[in-house]
Number of protein chains: 2
Amino acid sequence: MSNSREQSIQQAMTVFWQKGYVGAGMRDIQTALDKRPGSIYAAFGNKEGLYLAALEVYTQGIADRLIACSHAAEPLDALKEFLGTPLLQNDEDTYMRQCLIVKTQADWLELPEGIQNSLRKALGNVRDGLIAVIEAAKAKQALAESLPTEQAATWLQGQFIALRTMATTVDDASSLSWMLDKMFSDLKKQW
Amino acid sequence: MSNSREQSIQQAMTVFWQKGYVGAGMRDIQTALDKRPGSIYAAFGNKEGLYLAALEVYTQGIADRLIACSHAAEPLDALKEFLGTPLLQNDEDTYMRQCLIVKTQADWLELPEGIQNSLRKALGNVRDGLIAVIEAAKAKQALAESLPTEQAATWLQGQFIALRTMATTVDDASSLSWMLDKMFSDLKKQW
DNA sequence: GAAACGTTTGAACGATCGTTCAGAAATAAA
DNA sequence: TTTATTTCTGAACGATCGTTCAAACGTTTC
């Protein structure tokens with residue numbers, strides 16, 4: 001075995017992240033994993049199975065980090081740091097600026113049903129993480145108790161999408177930085 | 001000629017809008033235009049040329065409507081209407097909820113350079129339209145003179161992306177509606 | 001060492017991709 | 001009507017797509 005299953009998933013995730021589900025060819029993946037088609041199909045069934053494995057790891061990573069934010073001393077500061085870090089990714093890793101879930105979602109109509117369902121679930125998981133952070137911030141008086149948690153989570157998810165999408169075209173770091181500031185300022189203001 | 005050039009561009013735009021640049025096959029397009037490959041290639045050169053023609057029409061449409069907003073009695077109300085209308089598109093036309101420019105941008109790394117450049121230009125044109133609306137609102141005292149126009153335009157573009165992207169998955173009309181409300185509320189608040 | 005089992009290999013399949021081009025058809029000029 | 005010019009047709013090209021499978025290989029068990 002040239003590579004563990006976890007390594008393979010990680011490498012495949014990179015390819016899907018760079019090229020999207022439709023754009024990533026099995027031959028790109030074969031090269032990245034340094035494996036021949038048969039091995040990959042034996043391990044993951046097909047392209048969809050491999051993508052689902054990668055999406056699972058990706059989403060779990062986000063969910064874990066959001067839960068970590070909710071346990072931090074200052075949940076909102078931790079969240080701000082979490083959201084801001086990928087925006088200024090080094091030049092070679094610009095593909096990481098866009099969220100893998102949102103990127104895949106762009107090809108919605110061409111995706112197999114299994115992937116559509118998993119994307120919905122992934123978005124729900126991220127939203128649950130945001131809810132946890134909001135509730136933690138409320139508990140620490142960093143957010144008003146009156147703030148509607150569900151709505152705020154949906155809104156945060158939208159802001160998250162806006163930032164990550166713009167970061168792929170705008171390479172003006174300061175624009176993104178004050179958009180992030182305004183986002184947290186608007187979060188705390190009246191609803 | 002079974003179809004005028006303008007009609008062909010319009011029909012091609014629909015296909016690209018539904019399937020994306022990479023996902024739209026020339027055979028899908030041939031079917032939609034009811035034309036054989038040779039005709040299309042004679043008229044537009046190649047797939048890229050056809051897409052560029054469609055993008056041009058699409059972008060000009062947005063720019064025109066934004067300029068119209070800036071000439072309206074209440075520029076911000078007009079803008080809100082313009083941004084809100086596509087979010088609740090009928091079920092058969094959900095593809096119209098996502099912005100064609102943003103959708104194509106998702107495939108960034110796989111796009112020919114000519115399309116990348118045109119996308120940048122298109123985003124710039126939309127931003128210019130937003131600037132015109134902001135300035136008109138300022139002139140009518142609907143926005144504070146102190147509001148930084150350039151920053152606000154970039155921010156508005158981000159909010160625009162967020163709304164349109166979320167509208168493709170969230171089919172809860174009320175969520176989108178109050179996100180739109182909050183957006184305009186945050187626009188008027190302090191920066 | 002032999003047999004049994006699970007993995008990996010890599011050539012090959014049919015389908016589809018964007019694109020071409022010789023010839024048919026339609027239109028304009030004479 | 002004949003000629004010249006433009007437009008359209010559709011079979012076909014090479015490349016690439018996701019996927020398969022018989023054979024080779026590696027490891028374990030007796």
Side-chain angles (χ1 to χ4, degrees), chain A residues 1-55 103-104 106-116 118-119, chain B residues 1-55 103-104 106-116 118-119:
Chain A
M1 212 179 320
S2 56
N3 244 338
S4 80
R5 184 182 168 90
E6 282 70 28
Q7 277 177 321
S8 292
I9 292 175
Q10 198 69 40
Q11 288 159 333
M13 188 177 84
T14 302
V15 178
F16 284 125
W17 209 344
Q18 287 169 332
K19 308 209 170 193
Y21 178 74
V22 181
M26 284 306 291
R27 278 157 188 86
D28 298 323
I29 294 169
Q30 287 155 31
T31 303
L33 306 205
D34 190 26
K35 295 207 166 164
R36 265 35 67 197
S39 306
I40 300 176
Y41 278 81
F44 298 98
N46 55 20
K47 184 181 176 181
E48 178 177 347
L50 180 53
Y51 176 83
L52 290 179
L55 178 66
K103 171 160 190 154
T104 311
D107 296 321
W108 192 258
L109 288 176
E110 314 162 63
L111 298 173
E113 203 179 347
I115 292 190
Q116 289 187 357
S118 292
L119 283 179
Chain B
M1 213 177 322
S2 56
N3 242 336
S4 78
R5 183 182 170 89
E6 281 70 29
Q7 278 178 319
S8 292
I9 293 176
Q10 199 70 38
Q11 289 159 332
M13 189 177 85
T14 301
V15 178
F16 283 125
W17 209 343
Q18 289 170 329
K19 308 208 169 197
Y21 178 74
V22 181
M26 286 304 292
R27 279 162 186 83
D28 298 322
I29 294 170
Q30 288 155 28
T31 304
L33 306 204
D34 190 26
K35 295 207 166 166
R36 264 34 66 197
S39 307
I40 300 175
Y41 279 81
F44 297 98
N46 54 21
K47 185 180 176 182
E48 177 177 346
L50 180 54
Y51 176 83
L52 290 179
L55 178 66
K103 170 157 191 158
T104 311
D107 296 321
W108 192 258
L109 289 176
E110 314 163 63
L111 300 172
E113 204 179 346
I115 293 190
Q116 288 187 358
S118 292
L119 283 178

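Naming convention: chains lettered A, B, ... in sequence-line order (proteins, then strands); numbering from 1 in each chain.
The 12-atom threshold is not exceeded at NZ of Lys19(A), counting heavy atoms of other residues, nucleotides or ligands nearer than 6.0 Å.
What separates CG of Asn46(A) from P of dG18(D) is a distance of 11 Å, to the nearest Å. Protein atom CG of Asp28(B) is 12 Å distant from nucleotide atom C1' of dG18(C), rounded to whole Å. Residue Arg36(A) contributes atom CZ, which lies 11 Å from atom P of dA11(C) at whole-angstrom precision. Look at CD on Glu110(A): it is 11 Å from P on dC17(C), rounded to the nearest Å. dT9(D) atom P lies 11 Å from atom CG of Leu33(B), rounded to whole Å. Between Glu48(A) atom CD and dT19(D) atom C1' the separation is 14 Å, expressed in whole Å. Summarising the geometry, the separation between CG on Asp34(B) and P on dC8(D) is reported as 12 Å, rounded to the nearest angstrom. One can place NZ of Lys35(B) at 19 Å from C1' of dG18(C), the figure rounded to the nearest angstrom.
Among the protein residues, Gly38(B) comes within range of the nucleic acid bases, having at least one heavy atom under 4.0 Å from a base atom.
Put simply, the side chain of Gln10(B) does not reach to within 4.5 Å of the side chain of Glu6(B), judged on heavy atoms.
Residue Ser39(B) has its side chain nearest to dC8(D) when only dC8(D), dT8(C), dT20(D) are considered. Looking at the side chain of Tyr41(B), the nearest of the listed nucleotides dC8(D), dT20(D), dT20(C) is dT20(C). Side-chain atoms of Pro37(A) lie closest to dT20(D) of the nucleotides dT20(C), dT20(D), dT9(D). Comparing dG10(C), dT19(C), dG18(D) by their nearest atom to the side chain of Arg27(B) picks out dT19(C). When distances run from any side-chain atom of Met26(B) to the nucleotides dT8(C), dT9(D), dT19(C), the shortest one goes to dT19(C).
Annotation: cation-pi pair Lys103(A)/Phe16(A) absent, no NZ/CZ under 6.0 Å from the ring centroid and within 45° of its normal.
Nearest-nucleotide assignment on DNA chain D puts the 5′-proximal partner with Ala43(B), out of Gln30(A) and Ala43(B).
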Determine, step by step, whether Tyr51(B) and Ser118(B) satisfy the side-chain hydrogen bond (donor to acceptor under 3.5 Å, both in side chains) criterion, reporting the C-alpha distance in whole Å, the side-chain angles of both residues, the deciding distance to 0.1 Å, and the verdict.
CA-CA 10 Å; Tyr51(B) 176 83; Ser118(B) 292; over 6 Å; no
Could you walk me through whether Leu55(A) and Thr104(A) satisfy the side-chain contact (heavy atoms from CB on, under 4.5 Å) test, starting with their C-alpha distance in whole Å, then the side-chain angles of each, then the deciding distance to 0.1 Å, before giving a yes or no?
CA-CA 10 Å; Leu55(A) 178 66; Thr104(A) 311; 5.8 Å; no
